[in-house]
Number of protein chains: 2
Amino acid sequence: MENTFQVHFNKIIVYDEECFQGRHHEFTSECCNVMEFGFETVRSLRVESGAWVGYEHGNYQGHQFVLERGEYPQCDAFGGSNAYHIERMTSFRPISCANHRECRMTIYERENYLGRKGELSDDYPSLQAMGWCNNEVGSMRVQSGAFVCYQFPGYRGYQYIMECDRHCGEYKYFKEFGSHCQTPQIQSIRRIQQ
Amino acid sequence: MENTFQVHFNKIIVYDEECFQGRHHEFTSECCNVMEFGFETVRSLRVESGAWVGYEHGNYQGHQFVLERGEYPQCDAFGGSNAYHIERMTSFRPISCANHRECRMTIYERENYLGRKGELSDDYPSLQAMGWCNNEVGSMRVQSGAFVCYQFPGYRGYQYIMECDRHCGEYKYFKEFGSHCQTPQIQSIRRIQQ
């Protein structure tokens with residue numbers, strides 16, 4: 001029985017059919033594999049509070065996508081961009097360090113924190129429009145909060161969720177951006193809202 | 001011959017093949033139908049400066065999508081979200097009033113500027129996380145700058161570009177959001193960067 005004095009900072013409800021139909025389950029902490037709860041996959045979801053990251057496969061592997069508060073009636077709504085087609089979400093967890101007001105990170109032109117650098121504490125739908133030198137980021141350090149980085153401008157393409165309290169906030173080269181990352185191409189970056 | 005003293009605030013280069021191959025053409029103002037320039041459609045593009053809006057069909061009809069500075073190597077990169085599949089871009093124009101610093105709009109719960117309202121001058125990847133009452137917006141007024149509104153949180157789904165200097169900045173009900181708009185569902189809104 002739920003303790004009525006507990007405040008849930010993170011709550012997500014997942015459904016195994018589109019449009020919030022079928023079997024459903026509420027989570028307030030991470031889920032390593034939704035199949036253990038009798039789901040084949042998640043096909044719609046509601047984020048009631050907090051910010052979450054979802055993963056295509058179990059154990060937080062494969063494509064990742066940020067999930068902020070609101071309603072996502074089918075995979076296409078939460079799977080991101082049609083630059084790649086996501087048909088499933090199998091694991092997910094809260095982004096505990098997300099903090100819209102206190103977000104800072106540094107991006108570097110090259111691997112291992114070399115080359116030109118840029119300090120970010122806002123949203124950049126086009127890094128190049130704000131003065132960044134090209135269409136790639138070689139390495140990053142997240143000092144506080146959490147950001148999501150995207151392949152293309154306008155928050156499109158593969159998503160890489162970067163958190164200050166994972167990986168020590170240090171991402172030395174593009175393969176550390178995410179297990180699905182194939183190139184250092186990043187053209188937009190924004191803060192994650194909590 | 002280009003006048004070397006002219007400053008181009010808006011420049012886009014469109015290609016009829018993916019990955020910046022094939023026939024290409026540079027534009028510094030609107031293009032009502034790219035087929036008049038010998039293109040079947042646009043399959044990749046580079047925005048060199050300014051912010052643009054692209055449309056699926058000629059004469060600025062059909063699905064619309066915001067294009068900020070950077071590189072878009074295929075339709076999937078600029079077409080938006082896989083909630084709908086865009087295979088072509090046929091017309092496009094600069095968003096002249098885009099101004100990242102001076103952007104203000106008011107959203108209303110119901111049509112005709114009725115019901116609860118919210119004043120926006122920032123980016124909202126989740127309207128509900130910032131206190132909005134539901135997953136819809138009934139009507140809007142844009143006082144300055146330009147915004148893009150999205151069906152789903154995290155800047156996903158159908159896009160509606162809202163400008164202060166078109167439509168008098170007044171959008172009384174959802175069918176005025178865009179010719180492709182079928183419902184008043186809007187869950188994220190952000191400023192357009194110039």
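Residue numbers start from 1 in every chain, and the chains themselves are labelled A, B, ... in the order their sequence lines are given, proteins ahead of strands.
Under a cutoff of 6.0 Å and an axis angle of 45°, A:Arg156 and B:Phe78 do not form a cation-pi pair.
Put simply, the residue from B:Tyr124, B:Tyr155, B:Tyr150 that forms a side-chain hydrogen bond (donor to acceptor under 3.5 Å, both in side chains) with B:Arg190 is B:Tyr150.
Proximity to chain A involves both the backbone and the side chain of B:Glu71, based on heavy atoms less than 4.5 angstrom apart. For A:Glu68, the parts lying under 4.5 angstrom from a heavy atom of chain B are both the backbone and the side chain.
Looking only at atom types and distance, the side chain of B:Thr90 has no donor-acceptor partner in the side chain of B:Glu56 under 3.5 Å away.
For chain B, the option among A:Gly154, A:Gly50, A:Pro153 with the highest count of heavy-atom pairs below 4.5 Å is A:Pro153.
Classification of the A:Phe37-A:Phe27 ring pair by plane angle, with boundaries at 30° and 60°, yields perpendicular.
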